[in-house]
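Structure first, then comments.
Because the structure is a prediction, the values reported are computed rather than measured. Hydrogens, waters and symmetry mates play no part in the numbers below; they use all other heavy atoms, side chains included.
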Amino acid sequence: MIAFLSGTVAALAPDSAVVEVGGVGMAVQCTPDTLAALRVGQPAKLHTSLVVREDSLTLYGFAEDDARQVFELLQTASGVGPRLAQAMLAVHTPDALRRAVATGDEKALTAVPGIGKKGAQKLLLELKDRLGAPVGTAPAVGAPVTQGWRDQLHAALIGLGYATREADEAVAAVAPQAEAAGGTPQVGRLLKAALQTLNRAR
């Protein structure tokens, strides 16, 4: 099993990165917030999970080992494959998922594309004793929106190859969504929305 990759980022795409390790380019599927921290030409270390299928070998990469562990635990629930597990981590942090499961928060799970009300109820039952308790602290309710997300999102879009003007327009387009979040917005979620805006514009 490949536990992690450490090398230079050779290329970035909306849902994946290529990391050059010893002259070999390793394609890794990543969540938007993981991709947001990567820059082409810069060193990176990704914690990875290798998913083996009859017709494919797919690497999934995460900035933190905690996310990789949660990714693998999610797949122990019936009906959860790597794509859905990755989607869950694209929408929620590992601790947010733990809190959702611990408190029986169906709404949090149905926010993930591909999970309906019945699916959420089933997942809450199956994952209750598997994910464990949150390891971090919950963000304060009503905390002021920081301006840091703008810089992070802009840098992520530039890193994906978009022009400065396109990045500026995409950041402006998702600003209302960030303000409506009422707390520190998740850059990963905003990046997904910004990419959708850019794809519609092209």
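- Panel note: side chain Thr197, backbone Ala170; no donor-acceptor pair is recorded below 3.5 Å.
- The minimum heavy-atom distance between Arg53 and Pro82, with the atom names listed, is NH2-CD, 3.2 Å.
- Taking the side chain to side chain donor-acceptor pair (under 3.5 Å) definition, one finds that Lys122 meets it with Ser78, sequence neighbours left out.
- Gln75 contributes atom CD, which lies 10.0 Å from atom CD of Gln86 (distance to the nearest 0.5 angstrom).
- Gln177 contributes no side-chain N or O that, together with a main-chain N or O of Val174, makes up a donor-acceptor pair within less than 3.5 Å.
- Taking 4.5 Å as the limit, some side-chain heavy atom of Leu74 sits within range of a side-chain heavy atom of Leu97.
- Annotation for Ala178 and Leu190: closest pair CB-CD1, 3.9 Å, computed over non-hydrogen atoms.
- Applying the salt bridge (charged side-chain N to carboxylate O under 4.0 Å, His left out) rule to Glu20 yields no partners; only residues at least two apart in sequence or on another chain are considered.
- Residue pairs that meet the salt bridge (Lys or Arg N to Asp or Glu O under 4.0 Å) test with at least one member in residues 59-68, sequence neighbours left out, are Asp65-Arg68, Asp66-Arg98, Arg68-Glu72.
- Nearest heavy-atom pair across Pro94 and Ala67 is CG-CA, 3.8 Å.
- The ring-ring contact (aromatic ring centres under 6.0 Å, His included) pairs that include a residue from residues 66-113 are Tyr60-Phe71, Phe62-Phe71, where partners are two or more places apart or lie in different chains.
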Go through Leu46 and Leu59 one step at a time and tell me if the side chain to side chain contact (heavy atoms under 4.5 Å, CB included) criterion holds.
CA-CA 10 Å; Leu46 294 174; Leu59 268 178; over 6 Å; no
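- Here the closest non-hydrogen pair linking Val9 and Ala44 is CG2-CB, 3.6 Å.
- You'll find the side chain of Val101 stays beyond 4.5 Å of the side chain of Arg130, heavy atoms only.
- Taking every heavy atom of both residues into account, Ser56 and Thr58 meet most closely at OG-OG1, 4.0 Å.
- Between the side chains of Thr31 and Asp33, at least one donor N or O lies within less than 3.5 Å of an accepting N or O.
- Hydrophobic clustering keeps Phe4 apart from Val52 (ILVMFWY residues linked when any side-chain heavy atoms are closer than 4.5 Å, directly or through intermediates).
- By the criterion of side-chain heavy atoms lying less than 4.5 angstrom apart, applied directly or through intervening Ile, Leu, Val, Met, Phe, Trp or Tyr residues, Val21 is grouped together with Val40 in one hydrophobic cluster.
- Side-chain contact between Leu35 and Pro14 is absent, with no heavy-atom pair separated by less than 4.5 Å.
- For Glu106, the side chain to side chain donor-acceptor pair (under 3.5 Å) partners at least two apart in sequence or on another chain are Lys117, Gln121.
- Side chains of Ile115 and Met88 form a contact here, defined as non-hydrogen atoms less than 4.5 Å apart.
- Connection of Leu38 to Ile2 is established within a shared hydrophobic cluster, with ILVMFWY side chains joined at heavy-atom distances below 4.5 Å, either directly or through further cluster members.
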| request: Walk me through it: do His47 and Gln69 pass the test side chain to side chain contact (heavy atoms under 4.5 Å, CB included)? | output: CA-CA 9 Å; His47 299 271; Gln69 291 179 38; over 6 Å; no
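- Every residue two or more places apart in sequence or in another chain was checked for a side chain to side chain donor-acceptor pair (under 3.5 Å) with Thr164, and none qualifies.
- Val19 and Val51 are members of different hydrophobic clusters when ILVMFWY side chains are connected at heavy-atom separations under 4.5 Å.
- Cluster annotation: Leu73 and Leu127 are assigned to the same hydrophobic cluster (Ile/Leu/Val/Met/Phe/Trp/Tyr, side-chain heavy-atom contacts under 4.5 Å, transitive).
- One N or O on the side chain of Arg39 and one on the backbone of Ala36 form a donor-acceptor pair closer than 3.5 Å.
- Of the listed residues (Asp105, Thr103, Leu109), just one forms a side chain to side chain contact (heavy atoms under 4.5 Å, CB included) with Leu124, and that residue is Leu109.
- Between Thr110 and Ala120 the shortest heavy-atom distance is CG2-CB, 3.8 Å.
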